[in-house]
Amino acid sequence: MELYDIIFYLIALTVVVSAAIVVGSKNIVRAAYSLLFTFLGVAGIYILLGADFIGVTQLMVYVGGILILLLFGIMLTNKVYSVDIRRENSYIIPSIVIVGIFAAFLIFVMTETNWVTADPTFPNTTVFELGKTLLVHYSIIFEILAIVLLIALIGAATLARNDNKER
Amino acid sequence: MAHVGLTHFLILSAILFSLGIYAIVVRKNAIMVMMGIELVLNSANINFIAFAHFGNYGISGQIVSLVVIILAAAEAAVALAIVLNLFKTYSHINVDEVNKLKE
């Protein structure tokens, strides 16, 4: 067993266990902190797959941005000190059965299909290729994404504004 | 155990996807539903990058995953604003008790 395999199994174990804690935990703050380890593990998976820039972007955007947003959401909407946070689950047993069948089906499809694969290459860095492709072949998508992000952030700020006070 | 190949990454992303779907279906708290959505988006990203790596299709798969990450950031911001408004209106964020668009 090579070092690559050992690292993959360690990261996969981290990701699955912490995602299970996210899904099953009764404490919502604990679930949010467990999501941190899921995102870190997924960034490690990206880097194992030779996508270093995507891994760093995952760290910056998910861990540095989305996770903080989620924590702010938790702290703004739950009274953290009160015990009676209504967070109980509903229909656990049927959901586990249906999602289990779905997961078994997915894994069956993933393992039984004959994927066409080539020998993977590990480039030294993907940043140059990524930037060139993004600005040459995908420049329209790049611009549209910038506008979408701007509109979404302005819209979020407008939606979350407190309207009770005088403008 | 076999040498780690494409199938291992696909199985990992399938497990992550199922866990995310489970969180979306079962949880009542809107923030927990958002966490499930993030898990699902991450598993889709793993699939894109795994196919780009093992299929030797160049760099396009990584660009799609960049697009997914940016859209996830926008989605999280808008969803958080909606959740804050829900909390202002209902003073709870249980998604199965929210059944009116306005008071």
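Everything quoted here is computed from the prediction, not taken from an experiment. The sequence lines fix the lettering, A, B, ..., with proteins before strands; numbering per chain opens at 1.
- Checked by atom type, the side-chain pair A/Tyr4/B/His3 shows no donor-acceptor distance below 3.5 Å.
- Taking every heavy atom of both residues into account, A/Tyr62 and B/Glu38 meet most closely at CE2-OE1, 3.2 Å.
- Interface residue B/Phe17: only side-chain heavy atoms are found under 4.5 Å from chain A.
- Annotation for B/Ile49 and A/Tyr46: closest pair CD1-CD2, 3.6 Å, computed over non-hydrogen atoms.
- Within 6.0 Å of the CG atom in A/Asn124, the count of heavy atoms belonging to other residues, nucleotides or ligands does not exceed 12.
- Both the backbone and the side chain of B/Ala72 come within contact range of chain A, with heavy atoms under 4.5 Å apart.
- Residues B/Met32 and A/Ile28 share a closest heavy-atom pair of SD-CG1, 3.4 Å.
- In this structure, A/Ala152 and B/Ala74 approach most closely via the heavy-atom pair CB-CB, 3.6 Å.
- Using a 4.5 Å cut-off between heavy atoms, B/Leu19 contacts chain A through both its backbone and its side chain.
- Heavy atoms of B/Leu12 lying under 4.5 Å from chain A belong exclusively to its side chain.
- Heavy atoms from other residues, nucleotides or ligands lying under 6.0 Å from CZ of A/Phe105 number 12 at most.
- The local environment of CG in A/Leu135 is crowded, with over 12 non-hydrogen atoms from other residues, nucleotides or ligands closer than 6.0 Å.
- Chain B forms more heavy-atom pairs under 4.5 Å with one residue of A/Glu129, A/His137, A/Gln58 than with any other, namely A/Gln58.
- For B/Leu6, the part lying under 4.5 angstrom from a heavy atom of chain A is the side chain only.
- Per-residue counts of heavy-atom pairs under 4.5 Å with chain B were compared for A/Leu35, A/Leu67, A/Ile66, A/Thr117; the largest is that of A/Ile66.
- Between chain B and the residues A/Leu106, A/Leu49, A/Leu159, the largest count of heavy-atom pairs under 4.5 Å involves A/Leu49.
- Paired with A/Ser25 under the rule side-chain contact (heavy atoms from CB on, under 4.5 Å), one option of A/Val22, A/Asn27, A/Val23 passes, and it is A/Asn27.
- Ranked by heavy-atom pairs shorter than 4.5 Å toward chain B, the options A/Ala19, A/Pro94, A/Gly50 are led by A/Ala19.
- The residue among B/Ile21, B/Leu71, B/Thr7, B/Ile46 with the most heavy atom pairs within less than 4.5 Å of chain A is B/Ile46.
- Using a 4.5 Å cut-off between heavy atoms, A/Thr38 contacts chain B through its side chain alone, with no backbone atom that close.
- Heavy-atom distances place both the backbone and the side chain of B/Ser60 under 4.5 Å from chain A.
- Looking at A/Phe39, only its side chain comes within 4.5 Å of chain B, counting heavy atoms on both sides.
- Rounded to the nearest 0.5 Å, atoms CG (B/Asn29) and CG (B/Asp96) are 10.5 Å apart.
- With a threshold of 4.5 angstrom between heavy atoms, A/Leu69 approaches chain B through its backbone and through its side chain.
- Taking B/Asn85, B/Val78, B/Ile31 one by one and counting their heavy-atom pairs under 4.5 Å with chain A, the maximum is reached by B/Ile31.
- Contact annotation for A/Val61: only side-chain heavy atoms (C-beta onward) come within less than 4.5 Å of a heavy atom of chain B.
- Of the listed residues (B/Leu80, B/Ile63, B/Val67), the greatest number of heavy-atom pairs within a distance under 4.5 Å of chain A belongs to B/Ile63.
- Each of B/Ile15, B/Ile82, B/Val83, B/Asn45 has some count of heavy-atom pairs under 4.5 Å with chain A, and the biggest count is that of B/Asn45.
- Contacts of B/Leu86 with chain A are absent, with no heavy-atom separation under 4.5 Å from either backbone or side chain.
- With respect to chain A, the highest number of heavy-atom pairs below 4.5 Å among B/Leu66, B/Ile11, B/Leu84, B/Ile70 belongs to B/Leu66.
- What you find for B/Met34 and B/Ala76 is that their closest heavy atoms are CE-O, 3.9 Å.
- Using bins of under 30°, 30° to 60° and over 60° for the plane-to-plane angle, the ring pair B/Phe9/B/Phe54 lands in the tilted bin.
- The contact between B/Asn42 and chain A is made by backbone and side chain atoms together, counting heavy-atom distances below 4.5 Å.
- Interface remark: B/Ile93 contributes side-chain atoms only to the contact with chain A (heavy atom separation under 4.5 Å).
- Listed options A/Phe102, A/Phe142, A/Phe122, A/Trp115 were ranked by heavy-atom pairs under 4.5 angstrom with chain B; first place goes to A/Trp115.
- Closest heavy-atom contact between B/His53 and A/Pro120: NE2-CB, 3.3 Å.
- With a threshold of 4.5 angstrom between heavy atoms, A/Leu130 approaches chain B through its backbone and through its side chain.
- The line from CG of B/Leu16 to CG of B/Leu39 is 5.5 Å long, rounded to the nearest 0.5 Å.
- Heavy atoms of A/Ala157 lying under 4.5 Å from chain B are absent altogether.
- For a residue to count as touching a neighbouring chain, one of its non-hydrogen atoms must lie under 4.5 Å from one of that chain's; by this rule A/Ile141 touches chain B with the side chain only.
- Residue A/Ile74 holds its CD1 atom at 6.5 Å from CG of A/Leu70, rounded to the nearest 0.5 Å.
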